[in-house]
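What follows is one structure encoded as structure tokens, with my remarks underneath.
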2 protein chains.
Amino acid sequence: MALTIKEAAEQIGLTVHTLRYYEQEGLLKALKRDERGNRLFEPEDLDWLYFIRCLRDTGMPVVQVKHFAELAFKGDHTMRERLQILQDHQRSTERKVEEMKSFLEKITHKTLWYENLVREREQAAEKV
Amino acid sequence: MALTIKEAAEQIGLTVHTLRYYEQEGLLKALKRDERGNRLFEPEDLDWLYFIRCLRDTGMPVVQVKHFAELAFKGDHTMRERLQILQDHQRSTERKVEEMKSFLEKITHKTLWYENLVREREQAAEKV
DNA sequence: ATACACCTTCGAGTGCACTTGAAGTCAATA
DNA sequence: TATTGACTTCAAGTGCACTCGAAGGTGTAT
């Protein structure tokens, strides 16, 4: 049921180092430990980690994730603030996606230009 | 016609520090200088910089941009290799955009969930 | 004339997010 | 019994991409 740090790291796609780092930075709430003091990751910890990965991979800095986490640990009365943060982040991610798409278009355009050029050179070479 | 480093920085959306850094790292080919030794950015330098920004903003590391730049400066016989690099980068950028979109979906989903929760709480509060 | 805003080089400093190392515990395996 | 491998803590190190500071030159405005 509960996973070791290694198993959790594999599940989430982070290293064990990063998981400890996240805990130490306050991104995770106190994890359960087994009798030897080893961390135990329960399903809800994994859900939370998935969500953190989501925020991190869309560019939210660790300190902001930490702030969000602290609000979440404080309880329901912080919900409006958390909603606000999420809405802002959603918008900034939407902008990022649009920006990426427009950069991608430029790269695609350049690639096509290169492909044509290379093709032309090869045809010219054949004629000689 | 030719711009100073400050003007170029404004045009491209980078700082003057970054432009000097890029030149020093070999991302730009030798810039012209005026009689006092000040850098002059010509339209083709700006085009090149726009493209570099594009590669950087889609996650290509500075060393790889440098490699691409060196190939470009070497001449036409490096075209196939440059095409290959661009095609690879295009694919990785496509993957990145897709990934971002799926992360965005998760965030949107979570935001909606929060919105509903906040709404419910407010309705409950009104009834009291 | 003197301040201001620009430019130059060189080298060092910063911030972020890990990443690694040292030193140690514990349980299972050859 | 000795080694292997997974875990622990705490602190220090790394890599990337800037970013800044010092020291100095030049051109225009008051």
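Residue numbering restarts at 1 for every chain, and letters A, B, ... go by the order of the sequence lines.
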Can you measure A/Q24 atom CD to D/dC7 atom P for me and round it to whole angstrom units?
17 Å
Taking the minimum atom-to-atom distance to the side chain of B/Y21, which one of C/dT19, D/dC20, D/dA17 wins?
D/dA17
Are B/T4 and C/dC7 close enough that a side-chain N or O sits under 4.0 Å from OP1 or OP2?
yes
Rounded to whole Å, please give me the gap between CG in A/L31 and P in D/dT8.
9 Å
I'd like to know whether B/E7 forms a side chain to side chain donor-acceptor pair (under 3.5 Å) with B/Q11, so could you lay out the CA-CA distance, the side-chain angles of the two residues, the decisive distance to 0.1 Å, and finally the verdict.
CA-CA 6 Å; B/E7 291 162 343; B/Q11 274 285 315; over 6 Å; no
Against the six-membered ring of A/F51, is B/K110 placed for a cation-pi contact (under 6.0 Å from the centre, within 45° of the normal)?
yes
Quick one: on DNA chain C, does A/P61 or B/L40 contact a more 5' nucleotide (nearest heavy atom)?
B/L40
Counting just side-chain N and O atoms, does A/R33 come under 4.0 Å of either OP1 or OP2 of D/dT9?
yes
Has A/T78 got a side-chain atom pairing as donor or acceptor with A/K74's backbone, closer than 3.5 angstrom?
no
Salt-bridge present (A/E98, A/K101; N to O < 4.0 Å)
yes
Any A/R20 side-chain N or O less than 4.0 Å from OP1/OP2 of D/dT8:
yes
Tell me the interatomic distance from A/E35, atom CD, to C/dA27, atom P, rounded to whole angstroms.
8 Å
Quick one: A/E25 CD to C/dC16 C1', roughly how many Å, whole number?
11 Å
Kindly say if B/R36 contacts the phosphate of D/dG27, meaning a side-chain N or O under 4.0 Å from OP1 or OP2.
yes
To the nearest angstrom, the NZ-C1' distance between B/K6 and D/dT26 comes to 16 Å
Looking at CG of A/L28 and CZ of A/F41, how far apart are the two atoms once the value is rounded to the nearest 0.5 Å?
6.0 Å
With the side chain defined as heavy atoms from C-beta on, B/T18 is closest, among D/dC18, C/dA17, C/dC7, to D/dC18
Counting only side-chain nitrogens and oxygens, does A/Y22 get under 4.0 Å of the OP1 or OP2 atom of C/dA17?
no
OP1 or OP2 of D/dT9 under 4.0 Å from side-chain N/O of A/R39:
yes
What is the distance, rounded to the nearest whole Å, between atom CE of A/M60 and atom C1' of C/dC16?
16 Å
Listed nucleotide nearest any side-chain atom of A/I5, set D/dT8, C/dT19, C/dC7:
D/dT8
Here the distance between atom C1' of C/dA17 and atom CG of A/L19, to the nearest Å, is 14 Å
Can you tell me the distance, in whole Å, between the CZ atom of B/R53 and the C1' atom of D/dA17?
15 Å
Would you please confirm or rule out a distance under 4.0 Å between OP1 or OP2 of C/dC18 and any side-chain N or O of A/R56?
yes
